[in-house]
Structures are given as C-alpha cells and as structure tokens.
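Just below is one structure, and these are the notes that go with it.
Sequence positions, counted from 1, serve as the residue numbers for this chain.
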Amino acid sequence: MPSTLSTPKTPTAARASGVRTAIVIGGGVAGPVAATALHLAGIQATVYEAYPELGEGIGGSIALAPNGMAALDLIGAADPLRALSTAIDHTRMNIDGKPVDLPGLADVEPLRLVGRGDLHRVLRDRAIAAGVRFEYGKRLTGATERADGVQARFADGTDATADVLIGADGVRSTVRTLIDPNAPSADYTGLLSFQGDVDPAADLDCEPGLMVFAFGKRAYYLYGRLADGRLTWGANLPSKTYMSLTQARAVPAEQWLRQLRDTYRDDHPGGLFAERTTAETLDITGAIHIMPPVPHWHSARMVLVGDAVHAPSNSTGQGASLAIESALQLARCLRDVPEPAEAFAAYEALRRERVERITRRGARLNRTKTPGPVGRKVMHLTMPVLFRMMNFDKVMGWEQRYRIEWEAEVSSAVRGGRASVRMGD
C-alpha cells in the first residue's frame, strides 16, 4: 500500500480571505500531522512544543489502525512507519489461559505496532520536509484572540501571533481551558499503564504477527512480538490513586516491578513477563485517560485536535489514528472554508459523532478489564459464543475503513454543520 503525496486542493476563496498562518501547540502526534497538512494546503504553521527536545518522556509502543495509516498516506508519512513497525494480522483473547481467536477484516492492512519515539520522529521529520518550523521549550501560558488573529504567550516570556491557534496539547490541554474555563478534564479510568520488553524463550514465546489480549486473575495485560524479535507486554494495573506520568516515574521502577509481579504472579504468561522485565526495560506511563464529551471544540480563533478533545482510551486501539484523522480534516476545513470559526464548525461536524462513538466503545471495554471472579466465569462461557455470532464487519468495518477524501472540497452540508458518520465524506 504505497504512499501517494498528491497536490492538495487550495480554492481561491480560501487563499484570498482565509487563514494563512497557524500556531500549533503540541509536538506529539496530532500537532505535526496538522502542521504538515496545513502546509500542503498552503497555510504556514509553526509547532510549539513544551518539552525542551524531541523524545522527552516518550517510551513504549503505540498502535496505528488501518484508518490511521490510510490518513498518514495522504501526507507521505505511512511508508516510513511501515518500515519501522510490526504488522499485527492476528489477534487473540486469553481468559485465564484459555485462548479465543478474534475475527478481523480481510480487506484492510494490519494493525501496526510502532515505538512512540519512532512515530514522533517520523512525523516531525515529515513535517520539517513539508516546511514546518518547530520550537521547543515553549510552554503555553495564555492566548488573546483579536478580530484579525490570535497571540500566544509562553512561559519563557516570548509570544507568537498567527491567524489561528490549534491546541494539540494532549489530555491535560491548556488550550481547552482557554477556549472554555469550564471545560471537562480527562477522566481517569482507574488503570495505570506500564510496558516491558523481554527476550523470547522456550517457555515464553509468541508467533510473529500475533497480539494477545489477556484477562488475568487480577488485572488485564496484552503482549506481542516486535519487529526485532523481542516480546513486548503492556500491563493495565488497577489503582484507586491517580498518578500522572511524572508522578508514576517518581516511584522507583523496582517498586513498580514488585507490584506488577505480585499482581500477575498467578497468570500465564503474565507472571513470566513480569518476572523477566527489568528496571531498564520497564516503561512507566501512568494514568490511562478517557475524555468525556467536550462541549466547546473551538472559539473564534482557537480550536482543539487529537487527545485535547477526544482521547478514547487505549482499549480502542484508535487514539493515535483518530488524532491523525482529525488533524487532516481540520486542515482540509481551514483550506476550504474562508472564515476560521466556520471552518472550525465544519471540522467539528465532520468529527464529533465518530470520535464520541468510538470513545463510548472504549469505555465499555475498560469495564471488562477488571471483571472479578464471577465476571471471568461469565466471560469464559459467553465470549467464544459472542465472537462466533458477532458480525465483525458490521461492528468494526465502519471504524477501520474510514477514509478522508483530501482532494474533495468540504461540502456545503458540512459547512452548515450537517454531517454524519460515514466511511468517507
């Protein structure tokens, strides 16, 4: 599935009286993608990242769904990630050691497992190649909207001005509270996230291309094989105490390992994963979040994208992919709709129903991660039957086959705020 980078459509009306410059807050996933797409649409964008350099605090792996890869194809970033990622073409559920193979879609490319650092680096490099400028160590503290633009202020005393400001600053978004001081914060799922890598062994192996979702006796985990042969596993540790990434990483890794080994000691192969993970190979992520519906996605000159407005939890495997989709659709609307507020409304009309529907699915999945003894027995009995009866194409096809028609002008129906969830648009 080769990448194709076509010349984007730039209607005269949009270029004559519309947005020409953009401030993008956040250099993770949505920010660089939005900035790249904006440049391809003829809009100059600069990314301002709070961390002092690329890669600060990045670790572990992240999943890219087929719809996310298709969106990255539009900006020429998919092939470099295909070369660095592991293709997951077979998934399995494991309930207390009893496997259940899961169905899939035959006409889409496999799920891709890629290192977070690799993903951020590829997206940054592609953005720079498109003409995007990055500034690091720029933590946003405030912004002022004017009739002709917006001014951003940073903690180091500097400022920047542009026609619009895009908040791609994650679940703890500053831009979200600037748009609406009463905006909801991200909800805590009650789970802390960890990832570890181990070398394969005779009693601990996993066939290439397989990802296993395991429900242990006390906690959920998943595992698979990386492109370099190592095995990786992700633990979702139940915790009543919320801990941010910074707070979780302040706890010594050996202390977390003792807790993980105790939690998974009666599970196979979870117990072996926990036992053989070392302090050096343990990546500590902290709280897993899920965003409730955000009432206000934008103001006159500021707009939210990615996890800042829709974080569906890791259970969906769609977080990064939805962020990528939204970044492209936002750029497309700013390209085609001259007035920023109208472009933002069109973007919200294209995206809200889809992302909130997937977020609801994630919330349901989160509730199955700590089922308890009775719940596990019910899962043993019902899951195999449910999966045999499930129409996977109907349940998941609309998510994974979603495609963005980049060359098509945003329709008048969408501009008027009338849009529905479709495979494309």
Side-chain angles (χ1 to χ4, degrees), residues 59-61 63 88 90-102 113 188-207 210-226 229-243 248-249 251-288 313-315 317 362 364-387:
S61 300
I88 303 298
H90 182 199
T91 56
R92 181 179 297 157
M93 183 175 289
N94 183 319
I95 308 171
D96 286 351
K98 296 184 179 180
V100 179
D101 285 331
L102 303 179
L113 192 66
Y188 172 48
T189 61
L191 300 167
L192 301 178
S193 177
F194 302 83
Q195 186 170 327
D197 295 339
V198 300
D199 293 326
D203 59 347
L204 184 59
D205 205 354
C206 179
E207 63 194 73
L210 172 66
M211 179 67 72
V212 180
F213 307 100
F215 294 85
K217 294 191 182 334
R218 298 176 185 85
Y220 169 89
Y221 63 103
L222 57 83
Y223 60 95
R225 183 190 291 272
L226 297 172
R230 289 176 300 137
L231 298 180
T232 188
W233 75 296
N236 287 182
L237 189 68
S239 172
K240 292 181 180 179
T241 303
Y242 173 90
M243 299 190 79
R249 288 186 176 179
V251 177
E254 288 292 353
Q255 184 173 326
W256 284 124
L257 284 172
R258 286 193 294 271
Q259 189 169 345
L260 290 168
R261 288 163 183 164
D262 180 66
T263 300
Y264 293 101
R265 66 180 185 273
D266 296 326
D267 298 325
H268 182 80
L272 295 176
F273 276 114
E275 188 63 36
R276 295 175 192 177
T277 300
T278 66
E280 292 71 30
T281 62
L282 180 68
D283 183 70
I284 303 165
T285 307
I288 299 175
S313 98
N314 65 340
S315 300
R364 291 193 297 270
L365 289 171
N366 281 340
R367 290 193 288 270
T368 70
K369 288 185 172 181
T370 52
V374 175
R376 282 198 307 275
K377 289 180 181 179
V378 172
M379 289 172 68
H380 276 303
L381 295 172
T382 61
M383 283 295 185
V385 176
L386 288 174
F387 281 116

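T189 places a side-chain N or O within donor-acceptor distance of the main-chain N or O of I288, the cut-off being under 3.5 Å. In terms of modelled atom types and a separation under 3.5 Å, the side chain of R265 and the main chain of D262 share a donor-acceptor contact. At least one donor-acceptor pair under 3.5 Å links the side chain of R249 to the backbone N or O of I284. Counting only distance, with no hydrogens or angles, the side chain of Y264 and the backbone of Y220 share a donor-acceptor pair below 3.5 Å.
Proximity of R230 to T281: side-chain heavy atoms (C-beta onward) are nowhere separated by under 4.5 Å. No side-chain heavy atom of N314 sits less than 4.5 Å from a side-chain heavy atom of L191. Y221 has its side chain out of reach of T263: every pair of non-hydrogen atoms, C-beta onward, lies at least 4.5 Å apart. Using a 4.5 Å heavy-atom cutoff, the side chains of V251 and W256 are in contact. Under the 4.5 Å side-chain criterion, counting only non-hydrogen atoms from C-beta, D197 is not in contact with E280.
A distance of 6.5 Å separates CG of L282 from OG1 of T277, quoted to the nearest 0.5 Å. Note that CZ of R225 and CG of L231 are 5.5 Å apart. Values are rounded to the nearest 0.5 Å. For the atom pair CE of M211 and CG of L113, the computed distance is 4.5 Å after rounding to the nearest 0.5 Å. Distance CG/L237 to CD/Q259: 4.5 Å, rounded to 0.5 Å.
Between the side chains of T285 and Q195, not a single donor N or O lies within less than 3.5 Å of an accepting N or O.
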What verdict does the side chain to side chain contact (heavy atoms under 4.5 Å, CB included) test give for R218 and D267, after you've listed the backbone C-alpha separation in whole Å, the side-chain angles of each residue and the deciding distance to 0.1 Å?
CA-CA 9 Å; R218 298 176 185 85; D267 298 325; 5.6 Å; no
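Under the 30°/60° scheme for interplanar angles, the aromatic rings of W233 and F273 are found to lie parallel.
Each of L257, L260, N236 was compared with F194 under the side-chain contact (heavy atoms from CB on, under 4.5 Å) criterion, and only L260 meets it.
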